[in-house]
Amino acid sequence: MNSLQKKIWVLAIVVLLIMTVIWVSLTYYNQKMQDQYNYVLERYLTLNELTSTSQNMITELNNYLVTPTSDHLELINTSKKKIEILKYDVMGHRNEANELALANYMNLIDSLVEATDRSVRLHEEPSSESSMIILKEATHISNYISEMTLTLIDLELKTFDPFYRGIITQSEGVKKLGFLVLSLIIILLLLFTYWFSIRITKPVKKLTEAASYLSKGRFDVKIEVDSRDEIAFLAQMFEQMRVNINNLISEIRQKAKLEQELQQSKLLLKESQLQRLQSQINPHFLFNTLNTLSKKAYMEGSEETSDLITSVADLLRYNLKHLDKNMTLIDEVNVLRDYMEIQKARFTDRLNFYVEMEETCLQVEIPGLTIQPIVENAVMYAVEPFEQGGVIWFRVKDGGDRVIIEVEDDGPGMSDETITQIMEERRDSQKGQTSGIGLSNVVKRLRLFNGCETVMEIESKVEGGTKVTIYLFKERR
């Protein structure tokens, strides 16, 4: 049977897929255009940076000749290294159009570096007039580099002019194509939506007409709906009702007042049957339903959903059947794992849960539903309120004649008053707990189970996390 929900999901998925395809296509095209623009812009910026660096080196050289310090010399060397790096970057821009101009550009850069080195060497000699002459020469070379940079940029513009025009043409083509695709998608969506609405409204219209006939007392018109969904099931119920009512009217015409009383009796009987059926919806039916949903999800390939439904069923079964029973610690650990699987599906990466257990301690007895309320309390206060989530540690240790269980979180902590209320069994269960069992209830049941008062310790600091420690004797007292 195709449900209405399934049909709606099909429509939503189709629209979502279309939107996703459009978004991915536009993103890919924009990224491609951006990469092309960045490539061209990087060439211009490299040439401009090389010109700027050559001018800075001339300034630094002049400063060094005026004030010959090691700092100025270091600045000159830094500029030279940067020029060498940019030089190799510019050499990668070589093409047929700028090959000759780029070769002259490289020679000018080499001449500038050489003139700078000569000026520095000559300045260290007694006479510094030659170094100043070479400084002027280097200044002229730097000016030539600036002019040559403009020439190269002009050549780049001419070289990439077809590229720019191609981009513009391509953009226009994409706009036209996008308009056509959008128009086609709109038409297809309208047709699909119309077909989808007809598939839903046509059976509803038939059912409405049948209801109108029934309301006018026409019980001879057969109700037929072939949509194979919930509406068809409802139409079958209407048809069955029509047949029953029609038969009832025939009997009423034959028996008059007696049939009226019989009709009232039947109505009362139907109500009692409905109430009896409603009372039969017990946990066993709920568990079977959850197991059916789990198997259906597994058959449809949703293994994570199947595992999650199974965890919910196991958790509900354990909560309903084992509250008043003594269980082993391994049973409590297993149901805790089911609970944390559900919470991990809810909080994803916000919830970090770490387990440290000594396997030799897992056969000790413990009251049912002892650990889950404590961990659930940590989830409620240390994970759920915070956008970044939180961390919960669960540890089982061997303490000699007893087993030590620790539940620790990095949440906001508890006040001393709250801890006192819990340990004095004066604090009820908190709203939102799935088990309905508060920490005070856990303390009370542990004291009855162990036969002593020292069963739990709570260590907590405001904004410093909380640590709950449970002590279980290996031998019952």
Could I get the full list of side-chain contact (heavy atoms from CB on, under 4.5 Å) partners for [X], not counting sequence neighbours?
| X | value |
| --- | --- |
| L182 | I186 |
| I18 | V14, I22, I185, L189 |
| T454 | none |

Quick check: are there more than 12 heavy atoms from other residues, nucleotides or ligands sitting under 6.0 Å from OH of Y144?
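No, the 6.0 Å shell around OH holds no more than 12 heavy atoms from other groups.
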Side chains of [X] and [Y], heavy atoms from C-beta outward: is any pair under 4.5 Å?
| X | Y | value |
| --- | --- | --- |
| E459 | I419 | no |
| M423 | I458 | yes |
| M456 | L446 | yes |
| T469 | I405 | no |
| P412 | F386 | yes |
| I371 | I366 | yes |
| L362 | M357 | yes |
| N77 | K80 | yes |

Taking only residues two or more places apart in sequence, or in another chain, which ones meet [X] in a side-chain hydrogen bond (donor to acceptor under 3.5 Å, both in side chains)?
| X | result |
| --- | --- |
| T69 | H72 |
| N107 | none |
| N62 | none |
| S415 | T418 |

Please list all pairs meeting salt bridge (charged side-chain N to carboxylate O under 4.0 Å, His left out) that have one or both residues in residues 52-77, counting only residues at least two apart or in different chains.
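Listed by first then second residue: nothing to list.
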For residues 131-141, pull every pair meeting salt bridge (charged side-chain N to carboxylate O under 4.0 Å, His left out), keeping only residues two or more places apart or in separate chains.
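Counting only pairs at least two positions apart or across chains, the salt bridge (charged side-chain N to carboxylate O under 4.0 Å, His left out) contacts touching residues 131-141 are R118-E137.
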Give every residue pair that meets the side chain to side chain donor-acceptor pair (under 3.5 Å) criterion with at least one member in residues 47-57, sequence neighbours excluded.
E49-K82, T51-T149, Q55-S146
What are the two closest non-hydrogen atoms of [X] and [Y], and how far apart are they?
| X | Y | result |
| --- | --- | --- |
| G413 | T466 | CA-OG1, 3.3 Å |
| G399 | I404 | CA-CD1, 4.1 Å |
| P373 | L439 | O-CD2, 4.2 Å |

Looking at R402 and I470, would you say the former's side chain and the latter's main chain have a donor-acceptor pair under 3.5 Å?
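Looks like no, no N/O pair under 3.5 Å.
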Output yes when a side-chain donor or acceptor of K467 lies under 3.5 Å from a complementary backbone atom of V407, and no otherwise.
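Pair absent, no side-chain N/O of K467 close to backbone of V407.
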Under 3.5 Å, side-chain donor or acceptor atoms of residues 387-396 against the rest of the protein: list the pairs with distances, not counting sequence neighbours.
unit_1: R395; atom_1: NH1; unit_2: E406; atom_2: OE1; d: 3.2
unit_1: R395; atom_1: NH1; unit_2: E408; atom_2: OE1; d: 2.9
unit_1: R395; atom_1: NH2; unit_2: E408; atom_2: OE1; d: 3.1

Sequence-distant partners of W195, ring-ring contact (aromatic ring centres under 6.0 Å, His included), two or more places apart:
F192
